[in-house]
Amino acid sequence: MPSHSPSFLDSLPIVDVGRGVKLDGSQLVFILGPCVMESEAFVRDMARRIHEIASELKLKWIFKASYDKANRSAGGSFRGPGCEAGCRLLGEIGEEYGIPVTTDVHSVEDIEIASQWIDLLQIPAFLCRQTDLILAAGRSGRAVNVKKGQFLAPWDVKNIADKLKSVGCANFAFTERGTTFGYQNLVADMRSLYWMRELGCRVIMDATHSVQRPGGLGTATGGDGKLAPVLARAAVAAGCDGVFIETHINPAEALSDGPNQIPLDQLPELLQQLQRIHEVVTA
């Protein structure tokens with residue numbers, strides 16, 4: 001059967017995250033974990049539980065948790081343990097399970113600390129045009145994942161890619177996480193995945209942040225978590241290199257972004273669905 005895949009897919013770069021995980025199109029890569037590091041015991045327990053699921057399903061995956069939620073809706077919201085403590089803990093988890101780890105970085109100073117332990121530096125969407133931050137991440141020697149800002153068109157990421165390339169960084173990807181669509185709402189345009197890949201970039205779909213309703217609860221972000229699996233399935237069918245999913249044992253009690261996280265007990269079935277869709281799309 002002849003292939004109907006776009007020809008540019010054959011020339012996309014390979015992004016080596018480390019510890020045997022690469023974004024190369026052959027297998028979906030999953031970024032999985034809770035939104036924020038609620039406590040050391042919580043993070044270690046989540047890593048263990050997700051590792052068991054991933055091992056059973058033979059996934060290529062990266063563990064994610066944020067050491068600082070710096071862009072909370074309200075000033076009194078829980079933020080996390082801080083950069084050094086959080087990154088050190090993530091590094092220990094990566095060593096224990098032999099997996100790459102990722103977290104958000106918010107400043108050049110954070111990058112200097114995080115790059116000691118973190119395999120994949122994540123640039124938050126609101127900071128994706130901060131040149132000094134992008135250049136510092138590019139110089140770190142670590143792989144870089146840039147969240148596409150809610151205010152950017154897909155083709156605008158070319159300028160960010162050029163910044164990374166200007167300091168010799170070729171090991172980067174972009175993550176789609178929805179586009180501002182009126183007040184307190186986002187829309188996920190699956191064409192964005194195609195257009196960013198067409199620019200020569202590896203692309204990840206953030207299924208959980210794309211269903212946010214920013215500030216929708218007044219002092220916190222709301223969202224339509226039940227739609228996250230729908231967007232994840234659509235993205236894999238449209239074509240992407242990885243899927244980002246935040247998950248929690250009990251999202252209703254999560255200290256950050258609870259309305260958008262997928263309950264951990266629902267994660268295995270969704271991951272299996274996404275694997276099967278990817279197999280069909282790449283056959």
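This one's a predicted model, so the numbers in the text were calculated from it and none came from an experiment.
- Counting heavy atoms from C-beta outward, Leu121 and Ile111 have side chains that approach closer than 4.5 Å.
- Ile31 belongs to a hydrophobic cluster whose other members, connected by ILVMFWY side-chain contacts under 4.5 Å either directly or through intermediates, are Val15, Val17, Val21, Leu23, Val29, Ile62, Leu120, Ile204, Phe244.
- Linking Ile, Leu, Val, Met, Phe, Trp and Tyr residues whenever their side-chain heavy atoms come within less than 4.5 Å places Phe126 and Val105 in a single cluster.
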Exercise. For Leu186 and Arg177, run side-chain contact (heavy atoms from CB on, under 4.5 Å): C-alpha distance rounded to whole Å, both residues' side-chain angles, the deciding distance at 0.1 Å, then the answer.
Key: CA-CA 9 Å; Leu186 302 173; Arg177 49 96 69 239; 3.4 Å; yes
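- Taking the side chain as every heavy atom from C-beta outward, Tyr194 and Cys240 never approach each other to under 4.5 Å.
- Side chain to side chain, Thr131 and Lys163 meet the donor-acceptor criterion of an N or O pair below 3.5 Å.
- Under the 4.5 Å side-chain heavy-atom criterion for grouping Ile, Leu, Val, Met, Phe, Trp and Tyr, Leu9 is connected to Trp195 within one hydrophobic cluster.
- For the pair Asp119 (side chain) and Val101 (backbone), a donor-acceptor distance under 3.5 Å is present.
- Residues satisfying the side-chain hydrogen bond (donor to acceptor under 3.5 Å, both in side chains) test with Glu38, not counting sequence neighbours, are His248.
- The line from OG1 of Thr103 to CZ of Phe63 is 9.5 Å long, rounded to the nearest 0.5 Å.
- Side-chain contact of Thr179 with Gln150: a donor-acceptor pair under 3.5 Å is absent, judged by distance alone.
- Side chain of Thr208 to backbone of Ile245: no donor-acceptor contact under 3.5 angstrom is found.
- Side-chain N or O atoms of Glu176 include one that pairs as donor or acceptor with a backbone N or O of Gly178 at under 3.5 Å.
- In this structure Ser55 satisfies the side-chain contact (heavy atoms from CB on, under 4.5 Å) test together with His51, sequence neighbours excluded.
- Not counting sequence neighbours, Phe181 has no partner by the ring-ring contact (aromatic ring centres under 6.0 Å, His included) test.
- Applying the salt bridge (charged side-chain N to carboxylate O under 4.0 Å, His left out) definition to pairs two or more places apart or across chains, those involving residues 96-114 are Arg44-Glu96.
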Let me see the working for Trp117 and Leu89 under side-chain contact (heavy atoms from CB on, under 4.5 Å), right down to the final yes or no. CA-CA 9 Å; Trp117 296 288; Leu89 175 56; over 6 Å; no
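- Partners of Asp156 by side-chain hydrogen bond (donor to acceptor under 3.5 Å, both in side chains), not counting sequence neighbours: none found.
- Under the 4.0 Å criterion applied to side-chain N and carboxylate O atoms, Glu92 and Arg88 are not assigned as salt-bridge partners.
- Listed by first and then second residue, the salt bridge (charged side-chain N to carboxylate O under 4.0 Å, His left out) pairs involving residues 54-66 are Lys64-Glu246 (not counting sequence neighbours).
- His209 has its side chain out of reach of Asn260: every pair of non-hydrogen atoms, C-beta onward, lies at least 4.5 Å apart.
- Two residues are said to be in side-chain contact when any heavy atoms from C-beta on lie closer than 4.5 Å; Cys128 and Leu152 meet this criterion.
- Between Val36 and Arg79 there is no side-chain heavy-atom pair separated by less than 4.5 Å.
- With a 4.5 Å cut-off on side-chain heavy atoms, Ile123 and Ile134 count as touching.
- Between Ile160 and Phe174 there is a side-chain heavy-atom pair separated by less than 4.5 Å.
- Counting only distance, with no hydrogens or angles, the side chain of Ser11 and the backbone of Phe8 share a donor-acceptor pair below 3.5 Å.
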Subject >> Val43 vs Met46, side-chain contact (heavy atoms from CB on, under 4.5 Å): CA-CA, chis, key distance, verdict >> reply: CA-CA 5 Å; Val43 175; Met46 287 295 297; 5.8 Å; no
Which donor-acceptor pairs under 3.5 Å do the side chains of residues 275-283 make with protein atoms, sequence neighbours left out?
unit_1 : atom_1 : unit_2 : atom_2 : d
Gln275 : NE2    : Leu57  : O      : 3.2
Thr282 : OG1    : His278 : O      : 2.7

### Task
Test Asn145 against Thr175 for side-chain hydrogen bond (donor to acceptor under 3.5 Å, both in side chains), laying out the working first.
CA-CA 7 Å; Asn145 175 29; Thr175 292; 2.7 Å; yes
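- Looking only at distances, a side-chain donor or acceptor of Arg142 sits under 3.5 Å from a matching main-chain atom of Ser115.
- When side chains are defined from C-beta on, Arg129 counts as touching Phe151, because their heavy atoms get closer than 4.5 Å.
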Notebook entry, point to check: After noting the C-alpha distance and the side-chain angles of Lys22 and Asp24, does the key distance pass the salt bridge (charged side-chain N to carboxylate O under 4.0 Å, His left out) rule?
Noted result: CA-CA 6 Å; Lys22 297 179 181 180; Asp24 62 8; over 6 Å; no
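- Every residue two or more places apart in sequence or in another chain that forms a ring-ring contact (aromatic ring centres under 6.0 Å, His included) with Tyr67 is listed here: His106.
- Residue Leu135 belongs to a hydrophobic cluster whose other members are Val167, with links defined by side-chain heavy atoms closer than 4.5 Å.
- With sequence neighbours left out, the side-chain hydrogen bond (donor to acceptor under 3.5 Å, both in side chains) criterion links Asp241 to Arg197, Arg202.
- One distance of note links SG of Cys201 with CG of Leu193; it measures 12.5 Å at 0.5 Å rounding.
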Before giving the answer on side-chain contact (heavy atoms from CB on, under 4.5 Å), spell out for Ile118 and Leu90 the whole-Å C-alpha distance, their side-chain angles and the decisive distance to 0.1 Å.
CA-CA 7 Å; Ile118 303 303; Leu90 286 171; 3.8 Å; yes
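- Atom CG of Leu164 is separated from atom CZ of Arg139 by 10.5 Å, given to the nearest 0.5 angstrom.
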Can you give the donor-acceptor pairs under 3.5 Å from side chains of residues 261-274 to other protein atoms, not counting sequence neighbours?
unit_1 : atom_1 : unit_2 : atom_2 : d
Gln261 : OE1    : Cys35  : N      : 3.3
Gln261 : NE2    : Ser256 : O      : 2.9
Gln273 : OE1    : Arg233 : NH1    : 3.0

